[in-house]
Number of protein chains: 2
Amino acid sequence: MARLGVESIRRQQLIDATLKVIEEHGFQGATIGKIAGASELSVGIVSHYFGGKQGLLEATMRYLLSSLQQDVSTLMAGRPNTPRERLMAIVDANFSGVQTHAQSAKTWLAFWTQAMHSPDLMRLQRVNERRLLSNLMFYLRPLMPADQVRTTAQTIAALIDGFWLRAAMSEGRIEPDQAIALCKTYVDQAIHANNGAS
Amino acid sequence: MARLGVESIRRQQLIDATLKVIEEHGFQGATIGKIAGASELSVGIVSHYFGGKQGLLEATMRYLLSSLQQDVSTLMAGRPNTPRERLMAIVDANFSGVQTHAQSAKTWLAFWTQAMHSPDLMRLQRVNERRLLSNLMFYLRPLMPADQVRTTAQTIAALIDGFWLRAAMSEGRIEPDQAIALCKTYVDQAIHANNGAS
DNA sequence: CAATATATTGAACAAGTATTCAATGACGGA
DNA sequence: TCCGTCATTGAATACTTGTTCAATATATTG
């Protein structure tokens, strides 16, 4: 019991420190030494709990992805069970991270970049992307002709990613509220445009 | 004359090699050694012509940005001078790179990430972003109420970035034609939705 | 062709990093 | 209290990378 308790505490400690260091120094500047310093632990412990730096980075991305997934679930639970409201909840959830931590967009971008050259991270990324897409498609289906569902979902997903990028670029002066509003405007536009044409 | 000729040839040689190495090994794996090898020159020449690695990376990003700008100009020149056609040309131009070089999206992403922690690269990125936005706004203005112009332009820009990201993620199996089609669909949707409401 | 300037090389160097592992600390049970 | 197990440390190590610069090659000029 005590063993498992310590282990999960240390792992989370290191993951938190990793996020903080990446935010501050970027992916390149995230060295074992800095991470160890930020976590107030020693450098040796990273290999002990994660097998090495790569393992820690992978665990950190896993944590980010599961946090996002949890945000989606939480926000959905508190909304009316109509397709439109669920879609809006998905949009809100995908920007909830950027609201609380202005710099987290940078971290996401860093992981995306890293994922291109790491099959493991890429696989994680794909799973997440697929989940977002099928979520969107599920709630779009009742609102428009079947042949419009996939393309609309892809457009919404691209819009979310694009605004995340902008948020990451804008160096602190992010306006996530505006991004959310524009995404939602598009969702309504898409619903009405395709609904009328069906 | 000969001096300048050699200098510009070498610079381009090194920039091309940098792009190739980043595509293949990622930003992290792009070492001076690999770049020198790919360009069939020596490691010392990088410092000689660019002052160091950072200078080479900056020049490479500058080259990418100017290539994009050139694509925009070229495509615009061959299109009818109507606002809608100019908007479509901007969309096409912003995906022309991804069509010819499937992997170039990865390189862009790498530079974006790097730019977050490098003021010089960030400045370049900002200039480019601003140009895209004001281009879009210029041609949107005749097509919709003034208060809709900025937000619509921002949405189009986000859409373009978002599809680039997706292209970068999709590991070769990109479908830029689809991304272009979806962007254009949105442009028309936005024009008609706001035009009718004005 | 010699002489001078320019272009290029790559081994040596310095700085930095991840990993390892012997030593130390912490702590519960007999 | 003492022992044995688990947790943690951090100096030592091995490796990688960017930069430098004296030496060499190449081109240009008188």
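First the proteins, then the strands, lettered A, B, ... as listed; each starts at 1.
With 3.5 Å as the limit, one finds a donor-acceptor pair spanning the side chains of Gln154(A) and Gln178(B). For Gln12(A) and Asp16(A), the side-chain atoms include at least one donor-acceptor pair closer than 3.5 Å.
Under the 4.0 Å criterion applied to side-chain N and carboxylate O atoms, Glu24(A) and Lys20(A) are not assigned as salt-bridge partners. Salt-bridge check for Glu7(B) with Arg11(B): passed, with a basic side-chain N closer than 4.0 Å to an acidic carboxylate O.
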Problem set entry | Under 4.0 Å protein heavy-atom contacts per nucleotide of nucleotides 11-17 of chain C, with B for base, S for backbone only and - for none | B-----S
Exercise. Passes side chain to side chain contact (heavy atoms under 4.5 Å, CB included), Leu165(B) versus Trp164(A)? Steps please.
Worked result: CA-CA 11 Å; Leu165(B) 253 184; Trp164(A) 264 87; over 6 Å; no
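Remark: Asn128(B) pairs with Leu65(B), Leu68(B), Arg131(B) by the side chain to side chain contact (heavy atoms under 4.5 Å, CB included) rule, at least two apart or across chains.
The CZ-P distance, from Arg10(A) to dA26(C), rounds to 12 Å in whole Å. At whole-Å resolution of the value, NE2 in His48(B) and C1' in dG10(C) are 15 Å apart. Rounded to whole Å, the distance from CG on Leu57(B) to P on dT19(D) is 10 Å. In this structure, the CZ atom of Arg11(B) is 12 Å from the P atom of dT8(C), given to the nearest Å. One interatomic measurement links the two molecules: CD1 of Ile45(B) to C1' of dT24(D), which rounds to 14 Å at whole-angstrom precision. With rounding to whole Å, Ile9(A) atom CD1 is found 13 Å from dA7(D) atom C1'. The distance from atom CG of Leu56(A) to atom P of dT19(C) is 10 Å, rounded to the nearest whole Å. Rounded to an integer number of Å, the gap from CD1 of Ile35(B) to C1' of dT8(C) is 18 Å.
Side chain of Ser47(B), nearest nucleotide from dT9(D), dT19(C), dT19(D): dT19(D). Minimum atom distance to the side chain of Ser42(A) is reached by dT8(D), of the listed dT20(D), dT9(C), dT8(D).
Proximity of Tyr49(B) to the phosphate of dA7(C): no side-chain N or O atom is located under 4.0 Å from OP1 or OP2.
Heavy atoms only, all atoms of each residue included: Pro83(B) and Tyr139(B) are closest at CB-O, 3.4 Å.
Between Phe27(B) and Phe27(A), a ring centre-to-centre spacing not shorter than 6.0 Å is recorded.
Summary of helix geometry: the two end axes of the helix from dC1(C)-dG30(D) to dA30(C)-dT1(D), each defined by five base pairs via their C1' atoms, are inclined to each other by 10° (rounded to 10°).
Take the nearest nucleotide of DNA chain C for Gly51(A) and for Leu41(B): the residue whose nucleotide is more 5' is Leu41(B).
At least one side-chain heavy atom of Gln114(A) sits under 4.5 Å from a side-chain heavy atom of Gln28(B).
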